[in-house]
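For reference, the structure is listed below as structure tokens.
Just follow the structure's listing: the first ligand is 1, and inside any ligand the first atom is 1. One-based numbering along the sequence shown.
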Amino acid sequence: MRKPLVAGNWKMNGNLSSAVELASALKDSSLPSLVSTCDIVLFPPALYLTMVVSIINDANFSWGVQNVHFEKVGAYTGENSPAMAKDLLCAYTLVGHSERRTLFGETDNDTIQKVQALLSVNVIPVLCVGETLEERDAGQTLARVEQQIRIVLDALPDPDNLNIVIAYEPVWAIGTGRTATPDQAEEVHTSIRDILRGYSQLLSDKTRILYGGSVNMQNAAILFAQPNIDGFLAGGASLKAAEFIGICETVRQ
Ligand code: 13P
């Protein structure tokens, strides 16, 4: 019932010519034929989004930005608004990525406001949650993830009609080559599904819960075999066309 989703977070990597090359390789691959069974979403650097979209526009992929400000408009030098993302036909936007939280001091309150602002312009937030290694070692994984999700969901009305994606990204697995085991990931995904059920059965049934953290074409299949893993948010692997295509092919099967 949930359509799988594979997203590539390019972060602040590459240059204009590598972005064009990557987008062209994805468009000219098997991926456009997969979109009927798997949503494919690209998050390039915002400055390259228009160029990337001009290439992938008729490939039926979706796209988004990696961050927005929560205000509608104003003197916020360096920021982009949710309405600007909507202008560029972004279907999704990342919110609360651990790099935003740890490197740029983004708070839970910022995350709440960004999710609200995106929903108000009908852009689907991809809410990123996950524990640090210290939290995992202290046995706090499920509590930490629950807190990050509840603080946002408690601020939103009408869970039945909420259109959101959740990405579980253990901080210790991001960019480290260390992936959560299928059991570790599934334990957290099941817990997230249970938390969602507390708000609404429909929300729990329909919400895609992605795994992110050193996903590649080798480990994607075993992770995707878990019942509550609905797809992936890939970082490093999304910068290599063959890897990203390999992940998407896995999810289709
Ligand atoms: P890696 O796939 O490079 O570990 O990054 C994951 C991530 O942060 C995606 O948002």
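Taking 4.0 Å as the cut-off, Gly213 counts as a neighbour of ligand 1 on heavy-atom distance. Heavy atoms of Ala237 come nearer than 4.0 angstrom to ligand 1 in no pair at all. Contact analysis leaves Ala167 out of contact with ligand 1, as no non-hydrogen atom separation drops below 4.0 angstrom.
Salt-bridge formation is detected for the pair Arg100/Glu106: a Lys NZ or Arg NE/NH1/NH2 atom is positioned less than 4.0 Å from an Asp or Glu carboxylate oxygen.
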Quiz item: Between Leu5 and Phe232, does a side-chain contact (heavy atoms from CB on, under 4.5 Å) hold up when you go through it step by step?
Solution: CA-CA 7 Å; Leu5 189 162; Phe232 299 107; over 6 Å; no
Quiz item: Taking it one step at a time, do Asp110 and Thr107 satisfy side-chain hydrogen bond (donor to acceptor under 3.5 Å, both in side chains)?
Solution: CA-CA 5 Å; Asp110 294 330; Thr107 64; 3.2 Å; yes
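No side-chain donor from either of Glu134 and Trp172 sits under 3.5 Å from a side-chain acceptor of the other. Under 3.5 Å, the side chains of Ser191 and Asp194 contain no donor-acceptor pair of N or O atoms. Side-chain contact of Tyr168 with Gln148: a donor-acceptor pair under 3.5 Å is absent, judged by distance alone. A donor-acceptor contact closer than 3.5 angstrom links the side chains of Tyr199 and Asp154. Between the side chains of Thr141 and Glu135, no donor-acceptor pair of N or O atoms lies under 3.5 Å.
In terms of polar-atom proximity, Glu99 is not counted as a contact of ligand 1, lacking any N or O under 3.5 Å from an N or O of the ligand.
Every atom of ligand 1 is numbered from 1 in the order shown, and the set under 4.0 Å from a heavy atom of Asn9 is 9 (C), 10 (O). Annotation for ligand 1: atoms under 4.0 Å from non-hydrogen atoms of Leu233 are 9 (C), 10 (O). The atoms of ligand 1 that sit less than 4.0 Å from any heavy atom of Ala173 are 4 (O). Close contacts between ligand 1 and Ser214 involve ligand atoms 1 (P), 2 (O), 4 (O) [criterion: under 4.0 Å to a heavy atom]. Listed by number with element, the atoms of ligand 1 under 4.0 angstrom from any heavy atom of Gly175 are 1 (P), 3 (O), 4 (O).
If you check which protein heavy atom lies closest to atom 3 (O) of ligand 1, you get Gly236 N, 2.8 Å. What sits closest to atom 5 (O) of ligand 1 on the protein, heavy atoms only, is Lys11 NZ, 3.3 Å. In terms of protein heavy atoms, atom 7 (C) of ligand 1 is closest to Glu169 OE2, 3.2 Å. In this structure, the protein non-hydrogen atom closest to atom 2 (O) of ligand 1 is Gly235 N, 2.9 Å.
Under 4.0 Å from ligand 1, heavy atoms of Ile174 appear from its side chain as well as its backbone.
The side chain to side chain donor-acceptor pair (under 3.5 Å) with Asn67 is formed by just one residue from the set Lys114, Glu99, His97; it is Lys114.
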